[in-house]
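The block underneath contains the structure these notes are about, expressed in structure tokens.
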Protein chains: 2
Amino acid sequence: MDYYPDLDLFARTELLQGTPPDALRVLQAWAGRRRLAAGDILFQQGDRTTSLFLVIAGRLRASQMAQGGQQIIIRYIGPGEVAGCAAFVENDTHPGTVTAVDDSHLIGWTSASLRQIMERYPVIAINAVALLCRRYHEMQIRLREVSTERVERRIGHTLLRLAHQSGGRTARGIEIAFPLSRRDLAEMVGTTLYTVSRIVSVWEERGIVSSGRRRVVLCKPHALAAIADEEE
Amino acid sequence: MDYYPDLDLFARTELLQGTPPDALRVLQAWAGRRRLAAGDILFQQGDRTTSLFLVIAGRLRASQMAQGGQQIIIRYIGPGEVAGCAAFVENDTHPGTVTAVDDSHLIGWTSASLRQIMERYPVIAINAVALLCRRYHEMQIRLREVSTERVERRIGHTLLRLAHQSGGRTARGIEIAFPLSRRDLAEMVGTTLYTVSRIVSVWEERGIVSSGRRRVVLCKPHALAAIADEEE
DNA sequence: CAGTCGTTTTGCGTTGCATCAATGCGCGTC
DNA sequence: GACGCGCATTGATGCAACGCAAAACGACTG
């Protein structure tokens, strides 16, 4: 009897949950593997979409460049999540660049094979639809935040989201589980690293967060939530 | 032989293109109809998702409220497009409110029947994936714009997009085909109606646009594009 | 035709945040 | 241990855009 180490892992991802075992075996057979060291680029903005990737381990960052050289961070992608959504559609181009922020291990399928698989196993297409709805919804909320809220609250919401998505419990509080600099935060929030630094410094004095070189720990998440959601 | 007036219309929409004729007939049989007058609400933010709607005629606006009473416009939805994406997923809630800005005619399917249809006809699920990818990509670009560009350029981009999406050729230039107030524009761009008014007034003096009560005509689209995309 | 309501314009004071510049700190490297 | 580099802090300054207020301008209504 063969041993397929990926199978049960597959079955717990957002894209492949509920997929019949034979589909999982097909997926495994067609999968390509990819390892990245922290800092490596998976693909660049404007590249043709060749493959969709599933993150097995590690963490990636999807970002988008403006013509002025500024960039924003679209999202961080962790284990079980999908990188390179645009590859769901054949012959498209990637809207952003995806970079590894930690050493990462990925599995990829070509757009063409993915399409075949979705035709044969509609569950996967339906999972993809659900996943994209979530992402779309996420973006709507961020667009609203950046359009209507001021910087302090946006930083608050962003940290809470990151903590929720990939926070680890520690003695001091919830720690963001990957390196996150002031500049990174600024590019998620739509501000400058200077402003982030000032605001986080104030929070640090108040004991709400504890942060250092590319590390952030939320000591009092509820206090942060109060700042992020207080009435007017 | 029966006459199904919707069938060829269906086959030209983003969601249903490439769908086999028998699927179209099933879809037609399961469809609910809905008519809205300008100003009517299709569903509210927070409502449970019951149905997904296809716009046959008219125009709708998807918006999202912030707790302070401010709101932003997510997008305008025209004929052939889909309203209420969240209904792709059963037992979810709508992230925004959808309102008719013109008298509109819609067709709807319940989430449950939609799911069955997608299982039976994966093309539709795959179309949905492509559609959501496009929307997701759109939002990424808007998020980048609102985070990195200043108001004048954002208004320019927004008008160009609207013109592209639903502009009608007229003697004076390209006219946005539905009522669009300064406030509406402000809520799409993430600014105030005052700022929009000022900037549009300047453009009006320069002959780039011509606008009045809830009407906008782009007289010199290329000049607008130059403003929106000029280097630095 | 007067009255009302929604939209747009415009002036002006205010301010949140960007921008520039200088300094300090921690970490890896030769 | 000294150097250099990337990251973080902090102050000073300027400006783009906000927010208020008041008025002008249609458009619709009784």
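Each chain gets a letter, A, B and so on, in the order the sequences are listed, and its residues count up from 1.
- A salt bridge does not link A:Arg150 to A:Glu145: none of the charged nitrogens lies less than 4.0 Å from a carboxylate oxygen.
- The side-chain contact (heavy atoms from CB on, under 4.5 Å) test with B:Ile155 is passed by exactly one of B:Val196, B:Leu224, B:Leu160: B:Val196.
- Judged by closest nucleotide on DNA chain D, A:Ser211 is the one of A:Ser211 and B:Val151 placed further toward the 5' end.
- Judged purely by atom type and a 3.5 angstrom limit, B:Arg75 has no side-chain atom pairing as donor or acceptor with the backbone of B:Ala62.
- With DNA chain D read from its 5' end, the first of the two nearest nucleotides for A:Val196 and A:Arg213 is the one closest to A:Arg213.
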Counting only pairs under 3.5 Å, give me each side-chain donor-acceptor contact of residues 97-105 of chain A, with atom names and distances, residues two or more places apart or in other chains.
unit_1, atom_1, unit_2, atom_2, d
A:Thr97, OG1, A:Gln45, N, 2.9
A:Asp103, OD1, A:Ala38, N, 2.8
A:Ser104, OG, A:Arg59, N, 3.1
A:Ser104, OG, A:Arg59, O, 3.4
A:Ser104, OG, A:Asp102, O, 2.8

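- Within the 4.0 angstrom heavy-atom criterion, only backbone atoms of the sugar-phosphate kind lie near A:Thr191; the bases stay farther away.
- Side chain of B:Asn127 to main chain of B:Gln17: a donor-acceptor pair is present (N/O by atom type, distance under 3.5 Å, no hydrogens or angles).
- Rounded to an integer number of Å, the gap from B:Arg214 CZ to C:dT9 P is 14 Å.
- Between the C1' atom of C:dG26 and the CZ atom of A:Arg215 lies a distance of 14 Å, rounded to the nearest Å.
- Here the rule is side-chain contact (heavy atoms from CB on, under 4.5 Å) with B:Phe53, and of B:Ile107, B:Leu106, B:Val82, B:Leu36 only B:Leu106 fits it.
- As rounded to whole Å, 11 Å separates atom C1' of D:dG19 from atom CD of B:Gln70.
- Side-chain N or O atoms of A:Asp47 include one that pairs as donor or acceptor with a backbone N or O of A:Gln44 at under 3.5 Å.
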Nucleotide N/O of nucleotides 10-13 of chain D paired with protein N/O under 3.5 Å:
unit_1, atom_1, unit_2, atom_2, d
D:dG11, N7, A:Arg198, NH1, 3.0
D:dG11, O6, A:Arg198, NH2, 3.2

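- When the P atom of C:dT10 is taken as reference, atom CD1 of B:Ile199 falls 14 Å away, rounded to whole Å.
- For the contact set between residues 176-187 of chain A and DNA chain C, defined by any heavy atom under 4.0 Å, there are no members.
- The minimum heavy-atom distance linking B:Ala83 with B:Leu60 is given by the pair CB-CD1, 4.1 Å.
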